[in-house]
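Beneath this line is the structure, given in structure tokens, with notes to follow.
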Amino acid sequence: MNIFEQISDYLNQGDEDKVAELTDRAIAQEIAAKTILDEGLIAGMEIMGAKFKKHEVFLPEVLLAAKAMHAGMTKLKPLLIREGIPAKGKVVLGTVAGDLHDIGKNLVGIMLKGAGYEVIDIGHDAKPQLFIDTAKKEDARVIGMSALLTTTMPMMRKVVELLKEDNPGGKIKTMVGGAPVSKDYAAEIGADAYGYDGANAVQCVEELIAGG
Amino acid sequence: MKDKILIRMGDGERVTLSADEIKEDIRAGTQDAARRGRIPEMTAPEQEQLFEIMADPSRVVGVSPGEEVIVTDDGCSMSFYSGQDGGGVGVPMSRMQAILTYERACGADTTSMGHSDYSYKPVKPIINYEMNEYYNISMMTTAPFFYGAQPNLGLYYRPDGPCPNPAELLPAGKIKEARAAQEEACEHLKKDLVFVGKKLAGVGCEGLNFDTCGSAGDADFLAALLALRELRQEVPQMPIIMGSSGEFVIGMHGEVTFDGRRLAGMYPHEQVKVVEAAGACIYGMAVNTNTSESTAWNLARAVTFCKAAVEAADIPVHVNVGMGVGGVPMMEQPPVDSVSRVSKSLVQIGKADGL
């Protein structure tokens, strides 16, 4: 097993100490940080995501893997910055105004961080304008909105409408999720994506960013 | 055959679909179950049979004489006296009156009683009252009379119980702590299930129902299995039904096992084997209804899971056909057109032993 496969394997076991140790070893072998990231950490998270989809692993295992990913990323981040490798992208996450339920949103945040994205969490009961202002200030590519209540879902539409008026070049994309939210609702309000769970949200963000 | 056939969506909405659309939904539903459970799809003749049941113009359908199955009660008598918010009709009657009405007026095969909260934990402090009530009613009933409630592991987490709350620990990244909390709560729950079961056995309980097991994940399911095994040893004369909360055991813990088998991710044909090994007399299978899909899609899925579970089982499989399960729409008052189609399909095609 080469060092990338070992990193991927220990990441799938959720062993953060081993992932950090192997990342250090790969760095010592003068392997490019981007290569370690792509072929070790991200490759490992992709395996985890596929297993999650097939119900072979569950939330705790995915979260452990995300923590292990974070341990590896902590080692790589200074090198990635020094090598001028751009981050995968920034995502602004929040639970919409009037809604205090943030467990799902927090889990999506962990999964996104695990997949290598920078997450700016604006918390719960977040006003529509705060999503827009934060995304512009942070140069984020995606705004992720969560709601647990049917009564707060209309706030998602509000964010989408505000963004239409203030989104030069359509650079910032929107993603919605939460128990009462559906793909149809996302389409109805004009959101760019609907993430039905944490793993799917990561996939949505990847597609949104790849699609420009 | 009419061009448009009146069926329902999983949320109960009335819709008309063409024969081709219904057939496509049946195909997609059985394929979904087969893919998820890694089990065989319904055969082409079975799909056609299900279509005929869905397309029957009668409002109510039923099985032919000789094909009838036992219907085990799942808190039906509560529907007499509970309010509309609890799916009931709010008639002012006592528990005894409701149970006897259900048995004698509705012709119930089995009857049951339970605490209005329908969880085992709140029964513990009032067990003497429940034992007395059970005993008095059992003196009046003829059909098998069960005591039922749900394990509901969530009641053992803070702020409702003594254990740290995994729903707070998991998003905080405290995975080991979340797992430890579930293991601790599982132990508390198992003790309560055994305590209540033994006390009721002491007044001649004719059967215990562990209903909706696994609703809080795999540790919830495990507690019921462990309690079931212990009760089989302690009070072997008391039959126990163990029913699940969905087609799939959710891995909130992910690693708990029973007899060396990982519980997370088990589908009905696998669930029934551990339920059987723990000593249950009946396995109550549940398949969750998707409110965004048609009843044809949902029922094809339920029948596919049912067929596989019945083939794997060595104990009777009784399928849950209440609101939001088994292909029945998610409505407080499930419509008879859907319930009768679900019942007929599960018995004739899924080969369910009971409902």
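Chain letters run A, B, ... following the sequence lines, proteins first, then strands; residues in each count from 1.
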Inset, instruction - Pick whichever of A:Leu59, A:Val57, A:Leu63, A:Asp184 has the most heavy-atom pairs under 4.5 Å with chain B. - result: A:Leu63
Legend entry - Engaged part of B:Ala178 at the chain A interface, taking heavy atoms whose separation is under 4.5 Å: neither
Inset, instruction - Please state whether the side chain, the backbone, both or neither of B:Arg36 comes within less than 4.5 Å of a heavy atom of chain A. - result: side chain
Legend entry - B:Tyr156 six-ring centre to B:Lys121 NZ/CZ under 6.0 Å and within 45° of normal: yes
Legend entry - Check: A:Asn12 side chain, A:Ser8 main-chain N or O, donor-acceptor pair, under 3.5 Å: yes
Legend entry - Candidate pair A:Arg157 and A:Glu188, rule salt bridge (Lys or Arg N to Asp or Glu O under 4.0 Å), full reasoning: CA-CA 9 Å; A:Arg157 186 193 292 270; A:Glu188 185 191 319; 2.9 Å; yes
Legend entry - Within 6.0 Å of NZ in A:Lys90, more than 12 heavy atoms from elsewhere: yes
Inset, instruction - Report the relative orientation of the aromatic rings in A:His55 and A:Phe58; use parallel for angles under 30°, tilted for 30 to 60°, perpendicular for over 60°. - result: parallel
Legend entry - A:Leu64 versus chain B, the contacting section by heavy-atom distance below 4.5 Å: both
Legend entry - Toward chain B, the part of A:Lys54 with a non-hydrogen atom under 4.5 Å: both
